[in-house]
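Inspection log for the structure reproduced underneath, given as structure tokens.
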Amino acid sequence: MKENYFPQEIEKKWQNVWEETKAFKTPDESDKPKYYALSMFPYPSGKLHMGHVRNYTITDVIARFKKANGFNVLHPIGWDSFGLPAENAAMQHNADPETWTDENIAYMTKQLKMLGLSYDWDREVTTCKPDYYKWTQWLFLQLYKKGLVYKKEAAVNWCDKCGTVLANEQVIDGKCWRCDSVVEKKYLSQWFIKITDYADVLLEDLDKLPGWGENVKTMQANWIGKSKGAIFKFPVIDAPNGEKMEVPVYTTRPDTVFGITYLVVAPEYKDIEKLTTAENQQAVEEYRANARKMTEIERLSTERVKTGVPLGTHCKNPFNGEIFPLWTADYALVEYGTGAVMAVPTHDTRDYDFAKKYNLPMKVVIEDPQNPSDCSKEAYTEPGVLVNSGEFSGMSNEKAKGAITQWAVDKGFGEFKTQYRLRDWLISRQRYWGAPIPVVYCDKCGIQPVPEDQLPVMLPKDVDFKVVGKSPITTSKTFKDTVCPVCGGHAVRETDTMDTFVCSSWYYLRYSDAKNSEKCFDKDKVNHWLPVDQYVGGIEHAILHLLYSRFFTKALRDCGLLDFDEPFKNLLTQGMVLKDGSKMSKSKGNTVDPDEIFENYGADTARLFILSDSPPARDFDWSDAGVEGCYKFLNRVWRLISTNANNINLNYQLNFPLQKDNDDLVRVVHMSIKGITNDISNDFQFNTVISKYRELTNAIYDWQAKKKDLSDEDKNVLSFAIVSLIKLMSPVAVHLTEEAWHELGGEGSIHNQPWCEWDENLAKSSSITLVVQVNGKVKDKIEVDEALDQDALKEVALESPKIKALTEGKLIVKVIVVPKKLVNIVVK
RNA sequence: GCUCCAGUGGCGGAAUCGGUAGACGCGUUGGACUUAAAAUCCAAUUGGGCGUAUAACCCAGUGCCAGUUCAAGUCUGGCCUGGAGCACCA
């Protein structure tokens with residue numbers, strides 16, 4: 001064995017061996033239990049960044065740990081390879097997005113292999129390839145058949161300079177992330193997926209996910225935004241055309257209906273023109289036109305100064321017969337509820353602001369009897385008792401919510417209503433580099449889905465990427481014109497492509513049967529491998545990807561394609577990788593290139609370091625000194641092994657009873673095995689795992705420093721310690737340990753060795769330190785025999801000279817004894 | 001504004017059940033080895049009492065204020081600060 005550690009040499013060597021032997025191929029059939037470890041697959045942007053390194057290392061260590069513990073582990077990787085950057089690169093360099101993507105995938109694949117990740121490369125999926133997007137299109141058609149896909153006119157984020165809609169996540173502070181121009185709202189006919197049909201079950205099933213962080217679950221719950229309330233219909237008494245009209249409103253505060261003093265409809269409210277008098281027509285029209293022009297930025301910059309204009313008409317409050325005016329104001333949102341709001345200025349802060357500004361009347365209907373509120377300064381939104389509320393006066397407001405709604409239900413103008421904030425998912429994009437939406441528009445038959453046997457609808461190659469103001473796909477001469485599958489007449493293909501989040505909503509299912517050309521996946525295989533046992537990725541997907549994937553799983557279950565409710569059993573959201581306290585970014589110039597780390601220190605150092613300093617869920621601050629320290633540690637481990645290579649026997653036998661110092665080292669090894677195993681099992685605390693590697697290494701060095709010559713027994717103990725260290729480190733320092741294993745004469749790969757076992761009786765020190773406190777403060781520590789009972793411990797503590805001195809002349813009130821640990825003497 | 005998370009030395013962080021606060025590392029300081037350096041090794045490193053060797057001791061200390069308890073970084077209540085997400089959702 002070489003005396004010095006040369007990571008570059010040994011890493012390359014073993015990477016080649018693993019690749020040639022397909023060392024990490026996962027069989028579908030196995031008598032072992034399955035374990036599915038998954039990292040969020042990367043977008044092939046060009047190069048790996050440290051966030052990738054962290055993500056994939058965490059999952060890799062989990063996969064290897066589970067494999068060593070007797071699981072048949074599925075650990076795949078793929079590419080989320082559709083999306084804007086490829087198309088932008090194509091526009092700038094006039095390259096084909098596919099070529100650009102392929103080159104990036106090739107480079108990043110090389111980097112992943114350099115990191116020593118244990119992927120089953122035979123299951124690789126690439127979403128931009130026809131063998132994958134064929135099935136994305138097929139799944140779209142299944143959802144279409146189920147009635148979960150529809151097309152409608154909607155306001156979308158539009159970047160005029162780029163000539164395309166943008167996803168919400170591509171709008172940063174109201175501006176296009178690419179060209180920085182202001183994003184407008186534009187009405188376009190778009191494709192939607194009816195995720196709202198699943199709002200309730202998506203919310204409820206969060207309770208089935210104890211393995212998810214509370215933060216992610218509350219973010220999803222807030223996003224879904226369930227609220228319970230009522231819908232009331234208010235009759236209009238003076239509609240200009242004499243029509244009998246009513247305005248329905250949604251409210252979560254039915255208890256405040258006696259305090260309504262006006263009603264607001266959104267500027268986009270569908271019946272607004274019919275509700276406006278001739279005198280007010282012009283002012284309302286101007287207000288609406290202005291609202292339409294408002295960009296996101298302007299809406300934000302108004303800082304919630306509320307504006308509005310009266311419509312001139314009035315409603316009657318069916319609860320008390322009062323008449324109140326109708327207004328329009330943009331603080332009412334057309335997409336939420338009914339698009340109309342009943343305003344109770346005394347008990348809603350927004351209504352209060354508006355009423356103050358326009359001098360609208362206010363009426364107190366809820367009070368805290370102990371502490372009557374002054375509603376002339378601010379709205380009172382706390383619980384209380386109803387006043388000025390007819391027969392409901394005196395009732396607690398919580399109780400009144402139900403009672404008042406029920407009253408309205410009985411009289412026929414109200415209903416109980418549950419409302420969600422979640423909106424349907426807009427999936428169409430006017431871009432080239434995505435999966436084409438598989439529908440055609442027939443002159444006679446209208447919208448028709450492409451028959452399944454005609455899939456995939458391939459992306460055309462004859463396109464001009466330099467075109468401005470429209471999707472490059474529309475420049476194809478071969479793509480658009482086609483034949484209607486129903487009547488055989490002329491039809492035009494849909495030129496919109498799907499949001500890349502559609503592609504990434506089912507990739508984890510495809511890994512179970514990645515190469516199937518007949519189906520999206522085999523039902524038995526997907527049911528066998530899923531759900532994912534451990535999913536690892538960034539918190540930035542807390543809502544989008546994770547919500548869409550949960551929806552997809554449920555929808556596909558309802559299509560009969562699989563049999564489980566939730567795709568990801570456990571979720572680990574890793575923190576960001578920082579440098580000097582801020583996020584690594586090219587513009588800040590504080591990035592660290594993984595290639596340089598591999599070259600200078602090797603992948604094992606990179607893996608060790610990225611796990612070492614912080615627990616996985618927290619942000620990780622990259623430091624050059626830290627990398628250096630990890631590199632030194634691996635050198636230290638290497639030296640320990642190489643200088644002892646001749647003394648290490650893989651078939652060591654521990655012959656008890658051991659001598660004291662040997663016994664101590666053996667105990668440290670057992671403690672290390674136990675501690676490391678528990679740390680990985682409980683929340684993947686890799687930072688403490690690595691501390692324990694260091695402690696064990698230090699202990700072996702210390703033990704050795706005391707020895708002059710090694711007896712046979714010593715050699716057995718040393719072998720036990722070092723072999724255990726290598727095995728414990730094998731999930732992290734994958735190359736170093738493999739090399740050491742072979743140099744020591746090990747058969748096969750260390751990565752096929754079973755995990756170390758520990759003896760509970762040896763995983764603790766031979767004596768215990770009794771802590772003696774006086775009035776809860778530590779005053780002495782005494783080495784005692786483990787066998788001593790409570791009375792004996794008490795005696796030992798009281799006998800201690802230090803304790804005697806401290807308790808002398810004082811009254812001992814109480815003595816608390818915690819077995820094997822502590823004695824607390826309470827004195828006065 | 002609402003929701004969630006976090007707050008421990010110079011720094012990253014550790015501390016199953018409430019039971020020795022600061023494991024492990026980074027950095028710093030001192031020392032050994034060396035012609036010298038690198039590498040390596042040894043020692044010290046929460047603050048103060050205490051600008052001196054050695055050994056020891058005492059006090060304070062986990063964002064702040066209370067509380068529960070023999071005992072609180074850990075539990076309860078109320079704040080403060082920082083971060084993240086949502087944001088006129090009626």
Side-chain angles (χ1 to χ4, degrees), chain A residues 4 213-223 225-227 229 249-253 256 263-264 266 299-300 302-306 329-333 335-344 347-351 353-354 381 419-423 539-540 542-543 573 575-576 578 581 609 612-615 617-630 632-633 635-636 639 675 678-679 682 685 687-698 701 705 769-781 802 813-818 820-827:
Chain A
N4 293 313
E214 219 47 53
N215 54 340
V216 177
K217 286 194 280 187
T218 41
M219 275 164 79
Q220 290 211 357
N222 290 344
W223 186 263
K226 182 176 183 171
S227 68
V249 302
Y250 171 73
T251 181
T252 54
R253 294 298 304 274
T256 63
L263 191 151
V264 177
R299 279 198 184 193
L300 288 173
T302 55
E303 283 174 351
R304 284 181 237 174
V305 172
K306 290 177 180 52
D330 64 4
Y331 82 90
L333 307 172
E335 319 93 275
Y336 188 76
T338 62
V341 185
M342 58 175 231
V344 184
H347 305 297
D348 181 284
T349 51
R350 294 153 305 190
D351 299 342
D353 292 345
F354 193 81
T381 55
Q419 187 69 39
Y420 299 91
R421 236 192 47 148
L422 184 70
R423 307 280 152 79
I539 187 76
E540 67 273 17
I543 294 169
T573 48
M576 282 189 300
L578 311 175
F609 178 54
S612 67
D613 266 9
S614 300
R618 271 203 234 176
D619 287 351
F620 177 89
D621 207 339
W622 183 277
S623 79
D624 297 336
V627 185
E628 195 73 38
C630 286
K632 285 179 181 174
F633 172 64
N635 273 282
R636 190 167 148 80
R639 272 197 312 278
N678 289 343
D679 284 356
N682 305 333
Q685 297 176 56
N687 53 331
T688 57
V689 168
I690 286 158
S691 298
K692 284 168 181 133
Y693 291 162
R694 292 177 185 271
E695 281 173 312
L696 177 55
T697 306
N698 292 345
Y701 268 108
T769 306
L770 183 72
V771 174
V772 186
Q773 298 179 330
V774 174
N775 289 345
K777 298 201 167 180
V778 178
K779 294 294 173 187
D780 200 8
K781 295 168 193 177
K802 282 187 192 170
V813 182
K814 204 174 187 183
V815 178
I816 283 122
V817 181
V818 182
K820 296 180 188 181
K821 219 172 220 167
L822 173 139
V823 174
N824 187 16
I825 300 155
V826 186
V827 298

Heavy-atom donor-acceptor pair, A/Asn215 side-chain to B/rC4 base, under 3.5 Å: no
Provide the Watson-Crick or G-U wobble partner of B/rA14, both distances under 3.5 Å; none if there is no partner. none
Is there a Watson-Crick or G-U wobble partner for B/rG27 with both distances under 3.5 Å, and which nucleotide is it? B/rU45
Any A/Arg636 side-chain nitrogen or oxygen under 4.0 Å from OP1 or OP2 of B/rC41: yes
Looking at B/rA56, which nucleotide sits across from it as a Watson-Crick or G-U wobble partner, both distances under 3.5 angstrom, or is there none? none
Under 4.0 Å between a side-chain N/O of A/Arg694 and OP1 or OP2 of B/rA14, yes or no? no
Would B/rC17 be called syn or anti here, given the cut-off of 90° from 0? syn
Name the nucleic acid region contacted by A/Lys777, choosing base, sugar-phosphate or nothing; use a 4.0 angstrom heavy-atom cut-off, strictly under. sugar-phosphate
Please measure how far the P atom in B/rA32 lies from the corresponding atom in B/rA15, and state the result in whole Å. 38 Å
Are A/Phe609 and A/Phe620 close enough that their ring centers fall under 6.0 Å? yes
After noting the C-alpha distance and the side-chain angles of A/Arg253 and A/Asp348, does the key distance pass the salt bridge (charged side-chain N to carboxylate O under 4.0 Å, His left out) rule? CA-CA 9 Å; A/Arg253 294 298 304 274; A/Asp348 181 284; over 6 Å; no
Return the nucleotide paired to B/rU40: Watson-Crick means purine N1 to pyrimidine N3 with N6-O4 or O6-N4, wobble means G-U with N1-O2 and O6-N3, both under 3.5 Å. B/rA32
Counting only side-chain nitrogens and oxygens, does A/Lys802 get under 4.0 Å of the OP1 or OP2 atom of B/rC57? yes
Distance criterion of 3.5 Å, no angle test: do you see the side chain of A/Lys306 paired donor-to-acceptor with the base of B/rC88? yes
OP1 or OP2 of B/rU40 sitting under 4.0 Å from any side-chain N/O of A/Arg639? no
Taking O4'-C1'-N9-C4 for purines and O4'-C1'-N1-C2 for pyrimidines, is B/rG78 syn (within 90° of 0) or anti? anti
Rounded distance in Å between the P positions of B/rU16 and B/rG7: 14 Å
Searching all strands shown, indicate the nucleotide that pairs with B/rG85 (Watson-Crick or G-U wobble; both distances under 3.5 Å). B/rC2
For B/rG51, which nucleotide is its Watson-Crick or G-U wobble mate, given both distances must be under 3.5 Å? none
Using purine N1 to pyrimidine N3 plus N6-O4 or O6-N4 for Watson-Crick, or N1-O2 and O6-N3 for G-U wobble, both under 3.5 Å, which nucleotide pairs with B/rA72? none
Base, sugar-phosphate alone, or nothing: which one does A/Asp351 contact when heavy atoms must sit under 4.0 Å apart? nothing
